[in-house]
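In listed order, ligands and their atoms are each counted from 1.
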Amino acid sequence: MVELKHISKVFQTNDGDFQALKDVNLQIPDGEIYGIIGMSGAGKSTLVRCINMLERPTEGEVLINGQNLCTMNEAQLRAQRRSITMIFQQFNLLMQRTCLKNVCFPMEISGVRKADAAKRAMELLELVGLPDKANAYPAQLSGGQKQRVAIARALATDPKVLLCDEATSALDPNTTHAILQLISDINKRLGITAIIITHQMSVIEEICSHVAILDHGLVVEEGSVKEIFANPKTETAKRLVFPNSDVHPAQLKSNRVLRVVFNGGTSYEPLIASLAIDCGVKANILGAETKNVNGQAFGYMLLGLPDSSIDYSRALSYIRSRDGVSAEEVPDYAV
Ligand SMILES: Nc1ncnc2c1ncn2[C@@H]1O[C@H](COP(=O)(O)OP(=O)(O)OP(=O)(O)O)[C@@H](O)[C@H]1O
Ligand SMILES: [Mg+2]
């Protein structure tokens, strides 16, 4: 279990102190694929660097299986970092070394015999699907292949936790999907806890079971991905879950607007048609976005309703009576 307790981080800058993390508390159980999402500058990299003590928190504790990293000396931390490894957006491979030698590197540092390291490195390159690139140099690889080598290297010390800081942000969607599948596979096969830092909800959607949303150094929401998708509470979460839900009012004007949220049913009922037939209320779709998370439907629809209060109330109670659907008024929509 990775536990972050009251983590704060203050950077001293020329313009004075800057607080990048504010009392962050998280518990990440073993074997989880846990997402940390937030906009640029939210503090994600700072937080992940605090988890392996590349950055010392100003306040708080980082506990890995009950052991407090903040009180460890450098030698103890070096040992811990073998069990908490990291991959990055820019891969950070050693360009002068072959792929095999890159994967051998952390083992050489920790004193593994050369022949044993090479054997293990070869197994790891097979695990990530690149045995034929053992003698290639990083410059000869695609981005996705470089990240596979970086993953093999990160696994070389048999870690318990794999930290992934924007590991797919430099990759195209297909390669992103392949790398996420590899991380998911590693998580299942080796039982390694994966902590996925990203600014993309699609990444969280694809492989994470739990997610924390970071905004200006604060965790503003935390929970299962399904819960957060079904019912994002804060503005930050809503913006991340439904990034396109702001339709320009000038284009589609309506005085009474409802945001209808689908909370994970297995299929969509023809809501608009039923609303017209059962209630006689004609609604306009002002915007919509749907997602499929682990086979369940999530998403929202913005409905423009007639001005009449009776129609509006009728529509609201009708929608709320349906299973797997919730509705809330969008105030000041047409301002
Ligand atoms: N060493 C530092 N000194 C001063 N300020 C820093 C330092 N490192 C980070 N910060 C500040 O802390 C805030 C959070 O930075 P961080 O890199 O953690 O954000 P992030 O969420 O990873 O952003 P991105 O998505 O762009 O990678 C930023 O405002 C940044 O300027
Ligand atoms: Mg970052």
Side-chain angles (χ1 to χ4, degrees), residues 2-26 28 33-62 69-70 74 77 81 84-93 143-144 146-147 150-151 154 161-173 175-176 179-180 183 193-208 210-223 225 228 232 234-244:
V2 177
E3 286 174 277
L4 306 180
K5 292 188 172 176
H6 304 292
I7 298 289
S8 293
K9 177 70 193 178
V10 177
F11 290 112
Q12 263 97 45
T13 71
N14 291 338
D15 301 322
D17 286 357
F18 177 82
Q19 188 163 9
L21 295 173
K22 299 165 189 164
D23 194 22
V24 172
N25 293 283
L26 293 178
I28 303 173
I33 303 187
Y34 193 98
I36 297 175
I37 189 169
M39 303 290 185
S40 182
K44 305 182 293 296
S45 294
T46 307
L47 182 61
V48 80
R49 288 165 63 79
C50 283
I51 296 178
N52 62 4
M53 290 286 136
L54 285 177
E55 203 77 77
R56 276 196 180 263
T58 314
E59 277 176 56
E61 292 179 348
V62 178
L69 267 55
C70 301
E74 273 308 313
L77 277 181
R81 283 196 198 110
I84 318 166
T85 53
M86 190 157 172
I87 57 171
F88 307 85
Q89 180 172 359
Q90 296 307 334
F91 323 120
N92 294 12
L93 296 175
K146 284 182 199 155
Q147 198 58 291
I151 290 171
V161 181
L162 178 65
L163 304 174
C164 310
D165 190 358
E166 302 277 7
T168 56
S169 298
L171 305 174
D172 67 47
T175 316
T176 294
I179 294 292
L180 293 177
I183 293 172
T193 307
I195 301 183
I196 310 281
I197 305 293
T198 181
H199 62 279
Q200 294 172 296
M201 209 61 190
S202 56
V203 168
I204 302 286
E205 226 171 279
E206 187 166 341
I207 60 164
C208 296
H210 282 76
V211 63
I213 298 179
L214 203 59
D215 185 21
H216 293 96
L218 277 172
V219 173
V220 291
E221 275 187 58
E222 199 269 331
V225 171
I228 303 253
T234 59
E235 274 311 310
T236 313
K238 285 179 188 170
R239 232 181 303 129
L240 287 163
V241 175
F242 306 132
N244 304 319

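A 6.0 Å sphere centred on CD of Glu59 holds no more than 12 heavy atoms belonging to other residues, nucleotides or ligands.
Protein heavy atoms are absent from the space less than 4.0 angstrom from atom 31 (O) of ligand 1.
Of the polar atoms of Gly43, at least one N or O is found under 3.5 Å from an N or O of ligand 1, judged by distance alone. Residue-to-ligand polar distances keep Phe18 apart from ligand 1: every N/O pair is separated by 3.5 Å or more.
Residue Met39 touches ligand 1 through its backbone alone, judged by heavy-atom distances below 4.0 Å.
Nearest protein heavy-atom neighbour of atom 23 (O) of ligand 1: Gly41 N, 2.8 Å. At the shortest separation from atom 26 (O) of ligand 1 among protein heavy atoms lies Ser40 OG, 2.5 Å. The nearest heavy-atom contact from the protein to atom 2 (C) of ligand 1 is Phe11 CD2, 3.4 Å. With respect to atom 27 (O) of ligand 1, the closest heavy atom belonging to the protein is Ser45 OG, 4.0 Å. Considering only non-hydrogen protein atoms, atom 25 (O) of ligand 1 sits nearest to Lys44 NZ, 2.7 Å.
For the pair Met53 and Arg81, the minimum side-chain heavy-atom distance is below 4.5 Å. Between Glu205 and Val225 the shortest side-chain heavy-atom distance does not fall below 4.5 Å.
Taking only non-hydrogen atoms, the option from Thr13, Val10, Thr46, Asn14 nearest to atom 15 (O) of ligand 1 is Thr46.
Proximity to Ala20 (heavy-atom distance under 4.0 Å) selects the following atoms of ligand 1: 12 (O).
Rounded to the nearest 0.5 Å, atoms CD1 (Ile179) and NZ (Lys146) are 12.5 Å apart.
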Output, in order, the C-alpha distance, side-chain angles, deciding distance and verdict of side chain to side chain contact (heavy atoms under 4.5 Å, CB included) for Tyr34 and Leu26. CA-CA 10 Å; Tyr34 193 98; Leu26 293 178; 3.4 Å; yes
Please determine whether side chain to side chain donor-acceptor pair (under 3.5 Å) holds for the pair Asp165 and Ser45, giving the CA-CA distance in whole Å, both sets of side-chain angles, and the decisive distance to 0.1 Å. CA-CA 7 Å; Asp165 190 358; Ser45 294; 2.7 Å; yes
Go through it in stages, so that I can follow the logic: the residues are Ile213 and Leu240, the test is side chain to side chain contact (heavy atoms under 4.5 Å, CB included), and I'd like the CA-CA distance, side-chain angles, deciding distance and then a yes or no. CA-CA 9 Å; Ile213 298 179; Leu240 287 163; 3.7 Å; yes
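Residue contact annotation: Ser45 places an N/O/S atom under 2.8 Å from the Mg ion (ligand 2).
Within the structure, the closest approach of Lys9 to ligand 1 does not fall below 4.0 Å when heavy atoms are considered. Heavy-atom distances between Ala42 and ligand 1 reach below 4.0 Å in at least one pair.
For the 3.5 Å distance criterion, the side chains of Thr234 and Glu221 qualify, holding a donor opposite an acceptor.
The residue from Ile37, Ile197, Ile196, Ile183 that alone fulfils the side chain to side chain contact (heavy atoms under 4.5 Å, CB included) condition with Val203 is Ile196.
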